[in-house]
Protein chains: 2
Amino acid sequence: MSIYVHNGFMNSLQTLEPVVEASCCVPSAKPAMSAEVAQQRALIFKALADPNRLRLLSIVKAGESGEACVCDLTEPLDLGQPTVSHHLKILVEAGLLRREKRGTWAYYSLVPGALEQAAGLLATL
Amino acid sequence: MSIYVHNGFMNSLQTLEPVVEASCCVPSAKPAMSAEVAQQRALIFKALADPNRLRLLSIVKAGESGEACVCDLTEPLDLGQPTVSHHLKILVEAGLLRREKRGTWAYYSLVPGALEQAAGLLATL
DNA sequence: CATCTATATCGATCAATGTCAATCTATGTG
DNA sequence: CACATAGATTGACATTGATCGATATAGATG
């Protein structure tokens, strides 16, 4: 930072002011996003930051019934079943998807309003 | 939803009705997001998927002048200058920030509409 | 109970990412 | 030119993350 340069032994320089580059710009008065809030919000975007997860959300959303099971998600993504399960878990933990198990199958659907809320995070940065 | 559960009354059970594994659910008719589009969109969210970058955006946005230089961004994040430069570069490449060099300093400001556009990506999944 | 099937979890591997110290570049200024 | 400063770039290192094969679990079936 150094607002003023070293005037250590050159005290007579003080009359030669304004050395000063002052500051390059006005620092913001308003408090920025806290580290904690930032960390929390980043979790949502981390979940969205993978192309395969975006496609998963897209497929689930596009489905007639608004839900899809893992078996229908594995093929279009060309990924192994464990990998798809892993991505789904991340989306659930991010609060974007919810999981409902019926019989042998697990159905995933969008959490209502979750995407809108995520979008809202960007508006209120 | 379940396609086959109660078929009227259970009288058909006598016939040992094909307990249909059929399919667990109807696959979506609509085409999902392509791999290419998904990859591109993920880039935006990757840029947003780091708490320090969210804070950078927040600080830049909060600034009186709508811009900030690196020297004002290093301290509040408690990160080294090279690291801040690195994050800023990622935000610029994602199309979220723009960089203008004036004299010795580099000023970063939000690309107008960029955040709104990113939010829009979520609405049109 | 034995078995099959859909899904989840585990362990390993390899690529991507965040961070820093050191260095380089560009724009000053004396 | 010599030197100082703001910022970018490079290289190394540690951590995270995506993926897969193998295995575990849970519900359905026989």
Side-chain angles (χ1 to χ4, degrees), chain A residues 1-7 10 13 16 18-25 35 38-39 42-43 45-56 68-75 77-94 97 99-108, chain B residues 2 4-5 13 16-25 35 38-39 42-43 45-56 68-75 77-94 97 99-108:
Chain A
M1 268 306 215
S2 75
I3 298 180
Y4 33 25
V5 280
H6 52 72
N7 52 356
M10 316 176 73
L13 274 184
L16 289 180
V19 181
V20 196
E21 311 283 342
S23 75
C24 45
C25 43
Q39 177 123 26
L43 283 182
F45 295 115
K46 273 186 212 286
L48 295 166
D50 179 275
N52 286 318
R53 286 197 289 270
L54 288 180
R55 298 186 77 193
L56 284 174
C69 66
V70 182
C71 61
D72 281 332
L73 296 170
T74 302
E75 182 209 326
L77 289 199
D78 197 33
L79 287 178
Q81 172 266 319
T83 304
V84 172
S85 260
H86 172 242
H87 285 311
L88 289 169
K89 182 177 186 179
I90 290 177
L91 290 169
V92 167
E93 286 173 347
L97 287 186
R99 172 182 185 270
E100 183 190 352
K101 190 160 187 188
R102 291 202 300 273
T104 325
W105 296 287
Y107 295 88
Y108 288 87
Chain B
S2 73
Y4 52 87
V5 215
L13 272 184
L16 289 181
E17 192 49 31
V19 182
V20 206
E21 306 290 336
S23 76
C24 46
C25 44
Q39 178 122 26
L43 283 182
F45 295 115
K46 272 186 211 289
L48 294 166
D50 179 274
N52 286 318
R53 287 199 287 272
L54 289 179
R55 298 185 78 194
L56 284 174
C69 65
V70 181
C71 61
D72 281 333
L73 296 170
T74 303
E75 183 209 326
L77 289 199
D78 198 32
L79 287 178
Q81 172 265 316
T83 303
V84 172
S85 261
H86 172 243
H87 285 311
L88 289 169
K89 183 177 185 177
I90 289 177
L91 290 170
V92 168
E93 288 173 346
L97 287 186
R99 174 182 183 269
E100 184 190 353
K101 189 161 189 188
R102 290 201 302 270
T104 323
W105 296 287
Y107 295 87
Y108 288 86

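The analysis underlying the following values was restricted to heavy atoms, covering all of them including side chains, and did not include hydrogens, waters or symmetry mates. Throughout, protein chains are lettered first and strands after them, A, B, ... in sequence-line order, and every chain is numbered starting at 1.
Along DNA chain D, the nucleotide closest to A:Gly103 and the one closest to A:Ala49 are compared, and the more 5′ of them pairs with A:Ala49.
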At under 4.0 Å between heavy atoms, how does the protein contact nucleotides 8-14 of chain C? Give one character per nucleotide, 5' to 3', with B, S or -.
BB-----
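Atoms CG (A:Leu91) and C1' (C:dT7) sit 16 Å apart, rounded to a whole Å. Between the P atom of C:dC4 and the CH2 atom of A:Trp105 lies a distance of 17 Å, rounded to the nearest Å. Remark: C1' of D:dT16 and CG of B:Asp50 are 12 Å apart, rounded to the nearest angstrom. Put simply, CG on B:Leu79 is 18 Å from P on C:dT17, counting in whole angstrom units. Rounding to whole angstrom units, CD1 of residue B:Ile90 and C1' of C:dA16 are separated by 11 Å. In this structure, A:Phe45 places its CZ atom 15 Å from P of C:dG18, rounding to the nearest Å. Atoms CZ (A:Arg55) and C1' (D:dT19) sit 16 Å apart, rounded to a whole Å. As rounded to whole Å, 12 Å separates atom P of D:dA18 from atom CG of A:Leu56.
Residues B:His87 and B:Leu79 form a side-chain contact, since some pair of their non-hydrogen atoms from C-beta on lies under 4.5 Å apart. Residues A:Leu56 and A:Tyr108 are not in side-chain contact: their nearest non-hydrogen atoms beyond the backbone lie 4.5 Å or more apart. Side chains of A:Val70 and A:Thr74 form a contact here, defined as non-hydrogen atoms less than 4.5 Å apart. Side-chain contact check for A:Leu88 versus A:Val84: some heavy-atom pair is nearer than 4.5 Å.
Remark: A:Asp50 CG to B:Lys46 NZ distance equals 6.0 Å, nearest 0.5 Å.
For C:dT17, the OP1/OP2 oxygens have no side-chain nitrogen or oxygen of B:His87 closer than 4.0 Å. Within the 4.0 Å cut-off from OP1 or OP2 of D:dA18, at least one side-chain nitrogen or oxygen of A:Arg53 is found.
The neighbour count for A:Glu100 CD, taken as heavy atoms of other residues, nucleotides or ligands under 6.0 Å away, is above 12.
Of the candidate nucleotides C:dA6, D:dT5, D:dG17, D:dG17 has the atom nearest to the side chain of A:Lys46.
Every residue two or more places apart in sequence or in another chain that forms a side-chain contact (heavy atoms from CB on, under 4.5 Å) with B:Ala47 is listed here: B:Ile90, B:Leu91, B:Ala94, B:Leu96.
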